[in-house]
Visitor: 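Let me give you the structure first, and then I'll get to my questions.
Every heavy atom of this structure was used, including side-chain atoms; hydrogens, water molecules and symmetry mates were not. The residues of the chain are indexed from 1 along the displayed sequence.
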Amino acid sequence: MSLNELTITEARERLRKGELTAAELTEGCLAAVEAGGALNAFVHHTADIARAQAEAADERLRTGDAPSMCGIPVGIKDLFCTRGVPSQAASRILEGFLPEYESTVTQNLFDAGAVMLGKLNMDEFAMGSSNETSVYGDAVNPWKVDERKLTPGGSSGGSAAAVAADLCLAATGTDTGGSIRQPAAFTGIVGLKPTYGRVSRWGTIAFASSLDQAGPMTKTVRDAAIMLGAMASVDPKDSTSADREVPDYEAALTGDIRGKKIGIPREYRMEGMPAEIEALWKRGAEMLRDAGAEIVDISLPHTKYALPAYYVIAPAEASSNLARYDGVRYGRRAKLAAGDGVTEMYERTRAEGFGHEVQRRVMIGTYVLSAGFYDAYYNRARKVRALIKRDFDQAFAEGIDTILTPATPSAAFGLGEMNDADPVEMYLNDVFTVTVNLAGLPGLSVPVGLGEKGLPLGLQLIGRPWEEGSLLNYGSVLERAAGFVAKPDRWW
């Protein structure tokens, strides 16, 4: 096994035993990143920083001061601000932006000894489900069928591709409507979206502030527990950061779920659901039942309104957040003609700097927030959001411990396959995931099997708020029962 193929758990053990150095592990991953260029997962390389961090990690290991992520090479989604390293959110409008500060998430990881290999590709401003809206070009799924290049999902597509292809041991992602869980399912890895407020948003470039949440993308559930423990913190710089102690998530992985109630929501049985998704869902429920859990049919009646509510709320918040990008203080500024004033500068800069999907969502958001439509759209969507949250609250109050659903409505599709389709068809990729963001709950995607075309499929577990430890424990049981060990054939 090559060093870059190790899990966090395996590498941590070998590092602490002195069987491996952080420098050796980092060089193994840097070589893999170089060899994996065809996947277009890494868009900014930080080899010098990685080597310096690995050297510091080795010193900590020698002195016995080895925190949870000490010496572990990771990739960082381009949405996280990293001091002195390009942080563009995959957008032309942030061209040349070098933050003078570190995001709380990356600082927490570095404090825990993690090593940054570079910045990862993504959909522009995290707006997309296929990683096809990036200024860097498409990220590519390492899984391949009939020589077709497939999407790794989005918006954290670069993160998913890098972890699935063993370019790094783990990666950071962000999830506004499924942007960790959907790409994790498409690439056969584990993706965790924590409870809203569990992980600081400070220094993470905002898409929709009431929905965005950072989380780990890893090779195993145990790795996700380790990485979340390093990422999460109370942060006075983020007013939405919850003042809650970060528990030992790894200690929660007991593997015992006997007597626990697993909810199966009938509303997630969508019309036209592929048979392989239905079969996978049924098999996942049987695995949990065999482990001693009780399977209970439940109702989440407002689920059918989640997607339209999300695609009102998220663009509304995006239009507000993205108003700050005007070419005045940093980032790209359009060239002006003689006689042009500040209005022309704003218009040209934003027209040139934002891609089509971002422009579409900003326009939708501006429309639903306008004086004549605020109550008809935005306020109504907020009320629907409250009803969706109430559905979950009621299910948990009635004794349901976690909820099992599909993670995606299909396996990964081909790059370019939906370019000419109605944008709503692309948005339907989020049909199983957006409810979790609207309700502020934790959600976990676990790879469970391969579909008819040999592509990975995942199931989603939805947990009670603040109970990521229990959620990860259910995920570990599902992971062990599924025994998913498949890897993509190397072609890149």
Visitor: Could you check whether any side-chain heavy atom of Pro465 comes within less than 4.5 Å of a side-chain heavy atom of Thr195, counting everything from C-beta outward?
Guide: yes
Visitor: Would you please test Leu441 and Tyr196 for side-chain contact (heavy atoms from CB on, under 4.5 Å) and show each step?
Guide: CA-CA 7 Å; Leu441 299 172; Tyr196 182 80; over 6 Å; no
Visitor: Hey, can you tell me if Phe125 and Tyr325 have their rings parallel, tilted or perpendicular (30° and 60° cut-offs)?
Guide: tilted
Visitor: Would Arg201 and Asp235 pass as an ion pair if we require N to O under 4.0 Å?
Guide: no
Visitor: Could you check whether any side-chain N or O of Glu479 sits under 3.5 Å from a backbone N or O of Val221, counting only pairs where one atom can act as donor and the other as acceptor?
Guide: yes
Visitor: In terms of the angle between their ring planes, are Tyr311 and Tyr427 parallel, tilted or perpendicular, with boundaries placed at 30° and 60°?
Guide: parallel
Visitor: Applying salt bridge (Lys or Arg N to Asp or Glu O under 4.0 Å) to Lys261 and Asp401, what does each step give before you reach the verdict?
Guide: CA-CA 5 Å; Lys261 292 185 177 180; Asp401 294 292; over 6 Å; no
Visitor: Measure the shortest side-chain to side-chain distance between Asp78 and Leu120 over non-hydrogen atoms and say whether it is less than 4.5 angstrom.
Guide: no
Visitor: Side chains of Ser103 and Thr106: any donor to acceptor distance under 3.5 Å?
Guide: yes
Visitor: Parallel, tilted or perpendicular for Tyr367 and Phe373, by the 30°/60° rule?
Guide: parallel
Visitor: Is the side chain of Glu250 donor-acceptor paired with the backbone N or O of Ile226 at a distance under 3.5 Å, no angle test?
Guide: no
Visitor: Do Glu468 and Tyr249 come close enough that some side-chain heavy atom pair is under 4.5 Å?
Guide: yes
Visitor: Keeping Ser159 on the side-chain end and Thr172 on the backbone end, is there a donor-acceptor pair under 3.5 Å?
Guide: yes
Visitor: Treating Lys219 as the side-chain partner and Leu6 as the backbone partner, does any N or O pair qualify as donor plus acceptor under 3.5 Å?
Guide: yes
Visitor: Step through it carefully: locate the ring centre of Phe392, locate the ring centre of His302, and say whether they are under 6.0 Å apart.
Guide: no
Visitor: Inspect the contact between Lys282 and Glu278 and indicate whether a charged nitrogen and a carboxylate oxygen are less than 4.0 angstrom apart.
Guide: no
Visitor: Please determine whether side-chain contact (heavy atoms from CB on, under 4.5 Å) holds for the pair Ile264 and Arg269, giving the CA-CA distance in whole Å, both sets of side-chain angles, and the decisive distance to 0.1 Å.
Guide: CA-CA 10 Å; Ile264 306 294; Arg269 290 189 171 89; 3.7 Å; yes
Visitor: Would you mind telling me which of Leu404, Ile277, Thr405 makes a side chain to side chain contact (heavy atoms under 4.5 Å, CB included) with Leu459?
Guide: Leu404
